[in-house]
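A short write-up of the structure that comes next.
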Amino acid sequence: MNGRFVAYRYRPDLRFDGRSGPTRNDLPRPEGEEEVPEDGAREGTTPPFPDIPPVDASIEPGRTYLCAEMIVRHALPEYGDLVWLVLAEVETGSVLYIECQTCFVSGMVFRVDPQVGSGDLSVTSDDSDTILQNHDSSEVLNDLDPPVAGKQNLRGAFVEIQDVEAPDVAPPSRPAGSDFNFPPRTDDFAAVNAYYHQTQLFRRVADLGFPIASYFDGTDFPIPIDHRGTGVDDINAHWSPNGFGGTGHQCYSLCDLTNTAQPLGRSVDPWVHWHEMGGHGTLGDHVGKGTFDFAHSAGDGLAALQMDPESALRGTTERFRYAIPARAAAALRPHMALGVAPRTTSNTRANRAWPPATSGSTA
C-alpha cells in the first residue's frame, strides 16, 4: 500500500507486535467461546500472524538495521483482508517486526443481499428481524480509526458515519474493542452496513490497482455518510458533489416503508453503494458531474459484476433480475432487490426502489 526506509534496532522479544512470538494465548477464541470482560473491551485481541521464517543468521539482537517499512494487505482464513505493518531488513529480507494495523472490531452486516446470498426470493424487505437475522453475518470493520477516550466510532480511512440530513439520527459508538452488533431493523445496523460496504468498495477499487488518493483526487477523505438521511422516509439514496470535482457526502434512506418504527435502512444493500459511490462518485471525480450525458451511470453494472460471481441465483432465470422491472410496489420489492425497479408507471422517489430517483443531488 505504501512504504519508506527506516533505521530500526532489532529486538527479538518485540518481533511480533511487542511479543517474542505468535503464541496461541494471544489469539482470539472461536466464535461463541470468547471470554469478554464485563465492559466488552477486547483491546488485547489480535488475529493470528502470517507464517514468516526466522530472521537470517546474520541478524544480531540490539543492532540497528536499515529496513523497508511497508504497509501491506494480507488475507488470513476466517479473518479476510487485513492491513499489516512490516519492517524488513533490506539486505537479507528478514522481517524484524510485524504488527496488524487492522482495528479488530467486527459488526453484523448483510455482506451480500439475502436473495443473492441464499437464492431465496421469498425474503423481502418487509420481513421481521426473526427472518432477516438468518441472513446477516459478523464481518471485520476494516480501516477504522483508533478509539478516542475509550470510545470507538464508525470513522475510518475512507468514510465517517455522520448525521448530515434529516431525520436527526446519530450513528452508534461502542466501548473500545467492542463489536457493533445490532438487529437488522434498526438505524444502528444501517450505520454499520454503511461503514462496511463503503469501506469494502474503496478497498476493492484499490485492489484493482487504482490508488485512492489519486483516483479520487477531488474528494476529501473520510467522506461523510448519513445512514438515515435524504430528508424524508422513502426508498432512496443519493450522492452529492462537493463543488470541487469530487464527493461531498452520501445519504441513505430506507428499504421498506411498511414498518418505519423498526426501520430497515437502504445502506444495508451493497448494490446501492456501488450505484452511488461506484457510479456517481467515480464520475464526479473524473468528468465533473455524477452522470453521463447518455446514461445515468455505470454504477449498476459495477454492482452486478461485484455480486454475481458468488450469487446463489446463478443458474436460475432470476440471475440478472437486477436488470429488469419486477414487483408492483416498492414496499413489496424483493429484499435489497438485486437492483430491481418495481413495475410502475410513476418515476417518483416513493415508487422507485432501484435505482433511486433523483433528489436535488444525483441519486
Side-chain angles (χ1 to χ4, degrees), residues 107-139 181-194 196-197 227-230 232-237 252-276 299-300 303-304 306-308 310-357 363:
M108 299 301 293
V109 300
F110 290 142
R111 191 180 65 81
V112 295
D113 82 62
Q115 288 188 352
V116 165
S118 68
D120 183 358
L121 296 174
S122 70
V123 183
T124 59
S125 58
D126 58 354
D127 281 332
S128 67
D129 277 335
T130 301
I131 296 174
L132 297 177
Q133 284 176 321
N134 293 325
H135 301 275
D136 60 8
S137 61
S138 179
E139 303 293 336
N181 295 338
F182 305 103
R185 300 197 72 94
T186 61
D187 289 320
D188 289 345
F189 184 80
V192 179
N193 275 261
Y196 174 79
H197 290 304
H227 62 293
R228 182 77 188 275
T230 75
V232 296
D233 283 345
D234 59 357
I235 299 175
N236 199 13
Y252 293 80
S253 192
L254 301 176
C255 274
D256 166 54
L257 303 180
T258 66
N259 182 3
T260 58
Q262 295 177 300
L264 183 66
R266 197 76 182 92
S267 62
V268 308
D269 184 348
W271 296 83
V272 188
H273 294 278
W274 281 98
H275 177 100
E276 300 298 343
D300 293 346
Q306 296 303 310
M307 300 298 111
D308 188 63
E310 62 181 287
S311 174
L313 297 174
R314 293 188 67 154
T316 74
T317 58
E318 304 292 342
R319 175 178 177 181
F320 294 110
R321 200 168 178 212
Y322 42 73
I324 61 175
R327 303 246 182 139
L332 298 176
R333 162 180 175 272
H335 183 67
M336 310 330 127
L338 308 132
V340 173
R343 191 185 304 277
T344 64
T345 57
S346 173
N347 202 33
T348 63
R349 288 161 47 120
N351 286 329
R352 282 182 63 80
W354 185 275

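- With hydrogens and angles ignored, the 3.5 Å screen pairs no side-chain donor or acceptor of H227 with any backbone N or O of N193.
- Taking CZ from R111 and OH from Y196, the interatomic distance works out to 6.0 Å, rounded to the nearest 0.5 Å.
- Here M108 contributes atom CE and N181 contributes atom CG; the two are 6.0 Å apart, rounded to the nearest 0.5 Å.
- Between atom CZ of residue F189 and atom CD of residue Q133 there is a gap of 8.5 Å, rounded to the nearest 0.5 Å.
- Here the straight-line distance linking atom CG of N236 with atom CZ of R266 works out to 8.0 Å at 0.5 Å rounding.
- A donor-acceptor pair shorter than 3.5 Å can be found between the side chains of T124 and D126.
- In this view, D120 satisfies the salt bridge (charged side-chain N to carboxylate O under 4.0 Å, His left out) rule with no residue, not counting sequence neighbours.
- Scanning both residues, A237 and V272, for their nearest heavy atoms gives CB-CG1, 3.7 Å.
- Checked against R185 for a salt bridge (charged side-chain N to carboxylate O under 4.0 Å, His left out), the options D136, D256, D129 give a single hit: D256.
- In this structure a side-chain-to-backbone donor-acceptor pair under 3.5 Å is missing from T260 to L257.
- The CG atom of D127 sits 8.0 Å away from atom OG of S125, with the distance rounded to the nearest 0.5 Å.
- Remark: R228 pairs with D187, D233 by the salt bridge (charged side-chain N to carboxylate O under 4.0 Å, His left out) rule, at least two apart or across chains.
- Of the inter-residue distances, the one linking T186 atom OG1 with L264 atom CG reads 9.0 Å to the nearest 0.5 angstrom.
- Considering only residues two or more places apart in sequence or on other chains, Q262 meets the side chain to side chain donor-acceptor pair (under 3.5 Å) condition with N259.
- At least one donor-acceptor pair under 3.5 Å links the side chain of S253 to the backbone N or O of V232.
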Please evaluate residues Y252 and H273 with respect to the criterion ring-ring contact (aromatic ring centres under 6.0 Å, His included), reporting the C-alpha separation (whole Å), side-chain torsions for both, the decisive distance (0.1 Å), and the verdict.
CA-CA 9 Å; Y252 293 80; H273 294 278; 4.6 Å; yes
